[in-house]
Amino acid sequence: MPELVDRFGRKHTYLRISVTDRCNLRCLYCMPEEGMKFMEQDRLLSYSQIIEVAETAARLGIRKYRITGGEPLVRPGIEELISGLAELPGVDDISLTTNGLLLAPQAYKLKKAGLDRVNISLDTLDPTRFKFIARRGELNKVLEAVEAAADAGLTPIKLNCVLLKGVNEDEIARFLKLSLEQPLHVRFIEYMPIGHDDEGWRSHYLPLGKVLEEADRLGYVLQQVEGPTGNGPSENYRIVSGLGTFGLIHPVSNHFCQNCNRLRLTSDGNLKPCLYWVDELNVKNALGSREEMESLFYRALDIKPENHEMAALLAGQSQSHVPTERRMSQIGG
Ligand code: SAM
Ligand code: SF4
């Protein structure tokens, strides 16, 4: 079976699977506070349909799976999907991205089902600011989730921290210290202009050069290292003698598309070759046919563009394709 290599020679081994567009938070960079319209439940792929898509992916060389959303843990019975993925041939990593609110009570159960590790979103260590960014929920629950994930062995634990100008940039030092003192892997992420609110993005976008400036100001000596799960899109560092690491994911200021190895499956069954552009292929008509599902994966690669153009948007230049109107929660971040 030919591997999933696209027109630019990029081999695809990673599938991100979104299981819902719903969420129990309303993070300001992801969703509006009020009026969010969610998909009718009957449009969602069932877990067995997702597994059918993933079986094809596995035959074509996908080895890593990430479950995401929306908030994946608001969908009941996620362990059923995890155990199905864990049985796929060649699988070598199953991870989950979560806001953590519902993780602590089920961390062991998810580990037992076959989940290897989690990314937990944590943009602030200040409870009042948490309410401002996430608009719902409690910081304490997220911190409990980090502990529960460590106890359950869902490691290495990555903490996703979207840096926002004028909102949490003054916490870079606290997050760096966390990576120094605890075996946690902080991922600073640039705010991306995905499918909404250009103005909010323009006023809060912060290039991640600021993180290295802050580390320098604090006198930290840094070693550039491989990430705890190998080399992904993030540029990784360890503060000398640190127990954890920190990484910079800077899709806007320094895109990493030349190494992109991922495809995305949305919760309503669309295969998306690139997070940023509108192009997607619906898998629902291919369910039940191995050949059609395989050819859909190859078609997704054929239409995958060389890169996104978030930087062009920032510079006010014209773009070569049409950007998606889906929000991050509707794609699967
Ligand atoms: N609800 C889960 C969570 O928050 O971890 C999983 C889905 S969320 C869409 C996945 C990741 O995307 C989160 O770490 C979130 O911070 C990030 N994200 C959402 N919108 C973003 C944006 N506009 N720019 C950069 N990252 C974003
Ligand atoms: Fe929900 Fe995650 Fe989006 Fe926040 S980033 S609103 S937790 S989907």
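These numbers come from a predicted model, not from an experiment. Whatever order the structure lists them in is the order used to number ligands and atoms, beginning at 1. Only this structure's heavy atoms are used, side chains among them; waters, hydrogens and symmetry mates stay out.
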Before signing off on this row, confirm whether Asp123 and ligand 1 have an N or O atom pair separated by under 3.5 Å. no
Transitive ILVMFWY side-chain link Leu218 to Leu222, under 4.5 Å: yes
Touching ligand 1 at all, Thr97? Heavy atoms, strictly under 4.0 Å? yes
Closest to atom 14 (O) of ligand 1 (judged by heavy-atom distance), picking from Ser121, Gly70, Ala134, Cys27: Ser121
Would you please indicate yes or no on a ring centroid separation below 6.0 angstrom for Tyr205 and Tyr191? no
Answer yes or no: are there more than 12 heavy-atom neighbours, outside Glu181 itself, under 6.0 Å from its atom CD? yes
Ligand 1 to Gly69, heavy atom cutoff 4.0 Å, flagged ligand atoms 7 (C), 9 (C)
Near Val162 (heavy-atom distance under 4.0 Å), the atoms of ligand 1 are 16 (O), 26 (N)
Evaluate the side-chain hydrogen bond (donor to acceptor under 3.5 Å, both in side chains) criterion for residues Arg66 and Thr97: first the C-alpha distance (whole Å), next the side-chain angles of each, then the deciding distance (0.1 Å), finally the verdict. CA-CA 7 Å; Arg66 174 175 298 280; Thr97 304; 2.8 Å; yes
Considering non-hydrogen atoms only, spot the tightest contact between Val283 and Leu45 and give its length. CG2-CD1, 4.1 Å
Could you tell me, atom by atom, which parts of ligand 1 come under 4.0 Å of a heavy atom of Asn160? 14 (O)
Provide the number and element of each atom of ligand 1 under 4.0 Å from a heavy atom of Thr68. 6 (C), 7 (C)
Please determine whether Cys30 has a backbone or side-chain N, O or S atom lying under 2.8 Å from atom 4 (Fe) of ligand 2. no
With respect to atom 1 (Fe) of ligand 2, please indicate if Cys23 possesses an N, O or S atom at a distance under 2.8 Å. yes
Should the heavy atoms of other residues, nucleotides or ligands under 6.0 Å from CZ of Arg290 be counted, would the total exceed 12? no
Per-atom filter on ligand 1: closer than 4.0 angstrom to a heavy atom of Glu190 are 24 (N), 25 (C)
Which option, Gln330, Met192, Glu71, owns the non-hydrogen atom nearest atom 23 (N) of ligand 1? Met192
Sub-3.5 Å N/O-N/O distance, Tyr191 and ligand 1: no
Indicate yes or no: does Arg129 engage Asp170 in a salt bridge with an N to O separation below 4.0 Å. yes
Cationic tip of Arg43 within the cone over Phe38's six-membered ring, i.e. under 6.0 Å and within 45° of the normal? no
So the atoms of ligand 1 within less than 4.0 Å of a heavy atom of Asn99 turn out to be 2 (C), 3 (C), 5 (O)
Are Ile78 and Met39 connected into the same hydrophobic cluster when the rule is that any two of I, L, V, M, F, W, Y join if their side-chain heavy atoms are below 4.5 Å apart? no
Mark up the atoms of ligand 2 that fall under 4.0 Å of a heavy atom belonging to Cys27, in ascending order. 4 (Fe), 5 (S), 6 (S), 7 (S)
Gln223, CD atom: more than 12 neighbouring heavy atoms under 6.0 Å: yes
How does Ile120 reach ligand 1, by side chain, by backbone, by both or by neither, if only non-hydrogen atoms under 4.0 Å count? neither
Which of the numbered atoms in ligand 2 are below 4.0 angstrom from a heavy atom of Gly70? 8 (S)
